[in-house]
Amino acid sequence: MSTIYFDNCATTRPYDEVKDIVINTMTTHYANPSALHSAGISVERLINSARKTIADTLNCKQDEIIFTSGGTEADNMAVLGVANAYSRKGKHIITSKIEHHAVLDCFKHLESNGFEVSYIDVDSNGVVDFEQLKNAVRDDTILISIMLANNETGTFQPIEKIRSISKNAIIHTDAVQAYGKYDFENLDVDLISISGHKIHAPKGIGVLAVKNGVKLSKISFGGGQEAGIRSGTYNTEGILGMAKAAEISYNNLYRDISYLRDLCEYFKTQLISKIPDVCFNGENSVNVVSVSFPGVRGEVLLHTLEEKGIYVSTGSACNSKSTKISYVLDAMHIERKLAESTIRVSFSVFNTKEEIDNAIDVIVQSVAFLRKFTRRWGSKWNRLFYLN
Ligand code: PLP
């Protein structure tokens, strides 16, 4: 059975060029870059060149790049590191209600340790309430962390405007879902988190970009790599693989953005022409369509599609095993029943309109089938699938 992979917010298929680099690195450049001998030094040079490549895509300097194990670690380092480093100046910190758990749970941890947190609302399109954010900023606010693009709806946030209202606060953005789909040329923030596996690089590699002059308390201890901020032997394969993926992505940025937007528009128009009562959630996304099918459980639809070789998600991959409704859709005040009827379809440059046509046929049949059963069996049908 041929498969269609529409779950690119969860993770992406690595580029062939990335696979080649990873294999070549493991075969040839396996020396420890911290070693004093020439084999190590030549690997260190490769890492520095990768650092430069990634720094260029983020419009920052080479020495502002810290390699991490992924987006989660980058977010943790940013939020906990800034909060601890600046806690003498104030204990007020701000985030939004729709952040990824990698950010949100750090704020909850800080809240239970004496910090005061303002959680900013979003509107029905999933856009952070900028007025509320502006009013929340105080003289003792030390950190504002707002994501660039949301992982469930793809909605981009007005990050460019934050500097003008931030007073003394340090600004962090979780750009994990935006990286490769956004031009960082004019973005003025202090810290940026990104992750390799969302841009066709391997899993287990990410970056925290930290503007020179911004203080960061370290949250891990060891051999003193990355200027002592992030210890641990370098993941050379991941770093070189991520730099290759970043180079490919940013060489084709505007072409890819318009290709992905076009796929989203095509998917939406085709779907609505065949199932007119679908509802789309969020706005201004590059590669994500969050769509609700009234009368159908998202989870059941996901598994029905999976049987036909089509892979989508119900929410973000990291929380899709939870039975609770998505806190992102909840924050957007999407009605509970509709939120439960939602799937997330996310595209990459490997996807095509032909795949969309094939998937839409299957979605249309599956939705009609599931609706028929729900009408006939009502709650019994639901109980069959859900133990609660
Ligand atoms: N932030 C966002 C917005 C994400 O979507 C994800 C992963 O889905 C992460 C952070 C965590 O990144 P990683 O999987 O690299 O730890």
Side-chain angles (χ1 to χ4, degrees), residues 6-12 57-59 70-72 74-75 78 95-104 120 122-130 133 144-162 171-189 191-201 206-209 245-246 249-250 253-254 256-265 267-268 280-291 313 315-319 326-329 331-332 342 344-349 351:
F6 284 169
D7 197 15
N8 291 282
C9 277
T11 197
T12 54
T57 66
L58 291 172
N59 192 28
T72 302
D75 284 342
T95 192
S96 83
K97 289 188 176 167
I98 59 157
E99 297 299 310
H100 189 274
H101 277 296
V103 166
L104 219 40
I120 305 300
V122 294
D123 67 15
S124 58
N125 285 317
V127 181
V128 165
D129 182 336
F130 195 73
L133 174 60
I144 302 172
S145 177
I146 306 280
M147 71 199 324
L148 194 45
N150 181 262
N151 43 296
E152 290 194 35
T153 60
T155 300
F156 272 76
Q157 304 299 332
I159 307 301
E160 295 88 353
K161 298 199 290 183
I162 295 182
I171 305 169
H172 165 246
T173 190
D174 172 343
V176 167
Q177 293 292 347
Y179 191 55
K181 294 153 205 107
Y182 180 84
D183 188 342
F184 286 83
E185 172 112 36
N186 298 314
L187 187 68
D188 180 15
V189 295
L191 302 108
I192 305 170
S193 306
I194 57 172
S195 173
H197 71 104
K198 311 289 187 183
I199 60 149
H200 310 282
V207 159
L208 178 65
S249 267
Y250 276 85
L253 182 67
Y254 285 97
D256 289 355
I257 290 175
S258 90
Y259 182 74
L260 293 168
R261 278 194 195 281
D262 191 39
L263 287 186
C264 286
E265 272 323 297
F267 179 80
K268 284 177 163 179
F280 298 111
N281 311 303
E283 65 171 22
N284 193 24
S285 154
V286 171
N287 70 323
V288 187
V289 179
S290 166
V291 53
S313 159
S316 69
C318 313
N319 72 6
S326 142
Y327 63 92
V328 174
L329 299 180
M332 291 161 68
T342 303
R344 178 189 70 183
V345 176
S346 48
F347 302 111
S348 81
V349 288
N351 294 127

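Small disclaimer: the values here were computed from a predicted structure and weren't measured.
- The two atoms that bring Ile257 and Tyr182 nearest to each other are CD1-N, 4.1 Å, heavy atoms only.
- Panel note: side chain Arg344, backbone Gly154; no donor-acceptor pair is recorded below 3.5 Å.
- Within the 3.5 Å criterion, the main-chain N or O of Ala175 finds no donor-acceptor partner in the side chain of Thr173.
- Without hydrogens or angle criteria, Thr155 side chain to Asn125 main chain gives a donor-acceptor distance under 3.5 Å.
- The minimum heavy-atom distance linking Gly180 with Leu253 is given by the pair O-CD1, 3.4 Å.
- Taking the side chain to side chain contact (heavy atoms under 4.5 Å, CB included) definition, one finds that Thr95 meets it with Glu99, Val103, Leu104, Phe107, Val117, Tyr119, Ser145, sequence neighbours left out.
- Between the side chain of Thr12 and the backbone N or O of His197 there is at least one donor-acceptor pair closer than 3.5 Å.
- Minimum interatomic distance between Asp7 and Ser346 (heavy atoms only, all atoms of both residues): C-OG, 3.3 Å.
- Scanning for ring-ring contact (aromatic ring centres under 6.0 Å, His included) contacts around His200 gives Tyr15, Phe350, with sequence neighbours left out.
- Val289 places a side-chain heavy atom less than 4.5 Å from the side chain of Lys268.
- Nearest approach of Ala78 to His172, heavy atoms of both residues: CB-CD2, 3.5 Å.
- Thr57 and Tyr179 form a side-chain donor-acceptor contact under 3.5 Å, judged by distance and modelled atom types alone.
- Looking at heavy atoms from C-beta onward, Pro158 lies in side-chain contact with Val127 at the 4.5 angstrom threshold.
- Counting heavy atoms from C-beta outward, Thr11 and Lys198 have side chains that stay 4.5 Å or more apart.
- Atom CZ of Phe130 is separated from atom CD1 of Ile159 by 9.0 Å, given to the nearest 0.5 angstrom.
- Contact annotation: the side chain of Asn59 never approaches that of Leu187 to less than 4.5 Å [non-hydrogen atoms, C-beta and beyond].
- At a cut-off of 3.5 Å, with distance as the only test, a side-chain donor of Asp75 or Ser193 sits close to an acceptor on the other residue.
- Atom CG of Asp174 sits about 7.5 Å away from atom CG of Asn151, to the nearest 0.5 Å.
- Asn351 is linked by a side chain to side chain contact (heavy atoms under 4.5 Å, CB included) to Phe6, Asn8, Leu263, Phe347, Ser348, Glu355, counting only residues two or more places apart in sequence or in another chain.
- The CG atom of Leu148 sits 5.5 Å away from atom CZ of Phe156, with the distance rounded to the nearest 0.5 Å.
- Taking CG of Asn284 as the reference point, atom CZ of Arg261 lies at 5.5 Å (rounded to 0.5 Å).
- The shortest side-chain heavy-atom distance between His100 and Val176 does not fall under the 4.5 Å cut-off.
- Among all heavy-atom pairs drawn from Leu260 and Val349, the shortest one is CD2-N, 3.8 Å.
- The shortest heavy-atom contact between Ser290 and Thr342 is OG-CG2, 3.5 Å.
- Atom-to-atom distance recorded for Lys161:NZ and Leu133:CG is 9.5 Å, nearest 0.5 angstrom.
- With rounding to the nearest 0.5 Å, the separation of CD in Glu152 from CD in Gln177 is 10.0 Å.
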